[in-house]
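Structure first, then comments.
Atoms within a ligand are numbered from 1 in the order they appear, just like the ligands themselves.
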Amino acid sequence: MGLAEAIQAVQDRINNSALKAGRNPDGIKLVAVSKTVKLNRIIEAVKAGATIFGENRVQEAREKISNIKFQISDRKIQWHLIGNLQKNKAKIAVRLFDLIHSVDSIALAEELDKQADKRGKKQRVLLQVKLTDETAKHGIPEKDLMDLLQKVRDMDSLELEGLMTMPPFFDDPERTRPYFRRLRQIADSMIEKGFHINELSMGMTNDFEVAIEEGSTMVRVGRAIFGERNY
Ligand SMILES: *Cc1c(COP(=O)(O)O)cnc(C)c1O
């Protein structure tokens with residue numbers, strides 16, 4: 001299967017699960033996760049219609065973004081940071097990314113706000129929520145989310161758009177459902193409290209259909225588009 005077919009197949013699956021859940025497929029954005037993928041394949045994906053790319057390393061993204069501009073300057077594409085961000089890379093991240101999915105501490109939010117202010121940019125962000133207490137390294141624990149939401153809301157150069165989560169990996173996608181449902185419930189309760197939450201970034205190759213049934217508005221799909229990664 002070529003890239004165009006793979007993207008179309010994922011898009012068809014997105015549309016089908018949206019319709020099955022009684023949702024408008026237009027409310028779900030596909031983030032093509034291009035980490036470890038070479039530039040020529042990304043360009044091929046752009047030509048096949050992909051418009052949003054997700055990267056998890058600032059340095060890798062920086063090279064791709066600066067190189068791709070020379071080759072396809074006519075197309076509008078968006079870059080999202082989906083991986084963990086260190087404070088000392090906040091400045092580059094603000095320069096590179098349209099949306100940062102992985103804000104998970106007050107210190108990081110403050111640094112992003114400061115760097116965005118310097119650039120005169122409104123940096124769109126999602127807050128990454130940790131829904132498991134054991135193994136997950138990244139994400140803000142649920143009990144601290146409200147405080148972070150309040151702080152971010154009051155930062156002039158950050159634009160809060162929603163929440164992101166990454167459940168543990170299971171072979172059976174049904175087992176991720178409770179995590180996606182939980183994030184949706186948290187979002188609903190925060191919306192009731194007056195927070196601006198439009199986007200729920202949840203679902204990957206293995207489980208994006210379940211995530212859509214549970215309310216995802218952004219699925220982050222790598223392997224189903226680009227194939228298995230060889231690290
Ligand atoms: C790699 C990655 C994805 C995509 O995973 P696939 O299984 O390739 O679809 C999504 N989100 C994050 C945060 C990732 O690091």
Open item on the list: Between F97 and W79 (judged by ring centroids, cut-off 6.0 Å), do the two rings come close enough to count as a pair?
Closed with: no
TODO: Tell me which one of E228, E55, M204 gets a heavy atom nearest to atom 10 (C) of ligand 1.
DONE: M204
Open item on the list: Taking distance alone, with N or O pairs closer than 3.5 Å, would you say N206 contacts ligand 1?
Closed with: no
Task: Residue pairs involving residues 196-217 (criterion ring-ring contact (aromatic ring centres under 6.0 Å, His included); sequence neighbours excluded) - done: none
Task: V221 neighbourhood, listing ligand 1 atoms whose heavy-atom distance to it stays under 4.0 Å - done: 9 (O)
Task: Identified side-chain contact (heavy atoms from CB on, under 4.5 Å) partner of V152 from the options D113, L127, L112 - done: L127
Task: Numbering as shown, the atoms of ligand 1 that approach R223 to under 4.0 Å (heavy-atom distance) - done: 6 (P), 7 (O), 8 (O), 9 (O)
Open item on the list: For ligand 1 and R229, I'd like to know whether there is a polar contact (N/O to N/O, distance under 3.5 Å).
Closed with: yes
TODO: For D154 and Q150, test the side chains for any donor-to-acceptor distance below 3.5 angstrom and give the result as yes or no.
DONE: no
Task: Test item: side-chain donor near acceptor, E44 and N40, under 3.5 Å - done: no
TODO: Just let me know how M166 lines up against ligand 1, side chain, backbone, both or neither, with a heavy-atom cut-off below 4.0 Å.
DONE: side chain
- [ ] Go through the side-chain N and O atoms of E55 and S34 and say whether any donor and acceptor fall under 3.5 Å apart.
- [x] yes
TODO: May I ask you to list the atoms of ligand 1 that are less than 4.0 angstrom from any heavy atom of R220?
DONE: 4 (C), 9 (O), 10 (C), 11 (N), 12 (C), 13 (C)
Open item on the list: Taking 4.0 angstrom as the limit and counting only heavy atoms of G222, give me the atoms of ligand 1 inside it, by number and element.
Closed with: 4 (C), 6 (P), 8 (O), 9 (O)
